[in-house]
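Step one of this worksheet: look at the structure below.
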Amino acid sequence: MKTIIISDIKGSSQSIIPYGLNLAKSMESEAVVVHIIDNRTTQVKYSSFSDSQSLSPGEPLGHEETSRKEVTAVNTELDTLLSRETSRLNYPLKVDTLVEVGNMEEEIEKMIKEEPDCIVVTNSEPDGAMFESKEEIYDLVKDSGALCILVPPGKEFSEFKKILLPVDFESKELDKYSDLRFFFDAIDPLINAVSVATEKDYTELELKSNSWVNIAKNTLLPAKVRANVLKGEDFTETVIRYCLRNDYDLIMLFQRKKNAFKKNFKTGLIGTLIEKTNLPVLYFYRK
């Protein structure tokens with residue numbers, strides 16, 4: 001199992017790399033910090049210094065030279081941060097780094113193919129280097145095919161002992177996620193699955209929730225799973241109010257490409273949940 005941490009070391013927000021390292025420690029997994037420099041941004045630049053290995057001041061640095069210098073600078077910065085943070089863990093965590101010029105999506109997809117039992121950890125806010133917008137973050141986590149955790153900037157890690165899972169109790173597709181069992185086996189959490197119903201539909205949905213729990217225990221989720229039907233008119237606001245009244249460590253969202261419940265799992269919901277609860281959101285999209 002591997003925890004893939006997407007570097008945000010060039011961003012202005014507090015880095016989530018320490019969060020990812022603590023998650024890897026909690027799950028007893030290996031960790032790799034990935035920093036991919038977009039090859040479109042490493043164009044010709046002008047040198048303001050000179051040494052025996054460089055061009056004269058004011059002369060243009062070529063694409064290859066610019067890329068090499070940026071990779072070296074990022075590696076140095078990451079080594080300093082990781083040296084400090086791993087010493088704080090007081091745990092023999094194996095940590096690798098990958099700093100390259102290339103395409104982020106392609107590199108992440110390659111790593112996931114090599115290690116399917118993995119979790120991708122990323123800042124929920126764009127850093128201006130790896131991601132220019134939230135839409136780019138959402139596209140990556142949706143297209144990667146991996147479990148992805150989006151973490152609010154500055155969020156301190158706490159073990160995932162209590163997880164909130166908004167679901168569709170009418171869905172019969174839990175068996176489609178059986179390959180994610182490795183995550184729950186590693187953390188052994190209490191999962192509270194919730195859905196929202198009006199007064200009129202409450203009793204019917206409550207009966208369906210009981211059936212859903214039985215299926216969940218047999219296919220994917222651990223024995224410590226509970227189901228609650230919340231009364232409300234607006235799904236998102238009802239879930240958020242419930243979340244704020246209780247003490248959760250993580251919100252989890254699953255989505256299938258052709259899921260009838262898709263309207264409640266728009267990627268925009270991720271940002272809303274993070275903003276209003278200040279909790280990390282684990283998101284998985286099954287193509």
Can you find a heavy atom in the side chain of [X] that is under 4.5 Å from one in the side chain of [Y]?
X	Y	value
L98	M111	yes
K224	D188	yes
L147	F182	yes

In terms of the angle between their ring planes, are Y177 and F254 parallel, tilted or perpendicular, with boundaries placed at 30° and 60°?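 Parallel, since the angle between the ring planes stays under 30°.
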
Answer yes or no: does atom [atom1] of [X] have more than 12 heavy-atom neighbours from other residues, nucleotides or ligands under 6.0 Å?
X	atom1	result
D234	CG	yes
N246	CG	yes
K162	NZ	yes

Strictly distance-based, threshold 3.5 Å: is any side-chain N or O of S124 a donor or acceptor partner for the main-chain N or O of V151? yes

Test: K155 cationic atom under 6.0 Å from Y19 six-membered ring centre, within 45° of axis: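 No, a cation-pi geometry is absent between K155 and Y19.
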
Row check, Y285 ring normal vs K142 NZ/CZ: under 6.0 Å, within 45°: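 Satisfied, under 6.0 Å and within 45°.
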
Is there a continuous path of hydrophobic side-chain contacts, each under 4.5 Å between heavy atoms, that joins L244 to V196?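 Yes, L244 connects to V196 through the hydrophobic network.
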
Going hydrophobic residue to hydrophobic residue with side-chain gaps under 4.5 angstrom, can you get from L190 over to Y248?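 Unlinked, L190 and Y248 end up in two clusters.
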
Given I4, which of V121, T122, V120 fulfils the side-chain contact (heavy atoms from CB on, under 4.5 Å) condition?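 That would be V120.
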
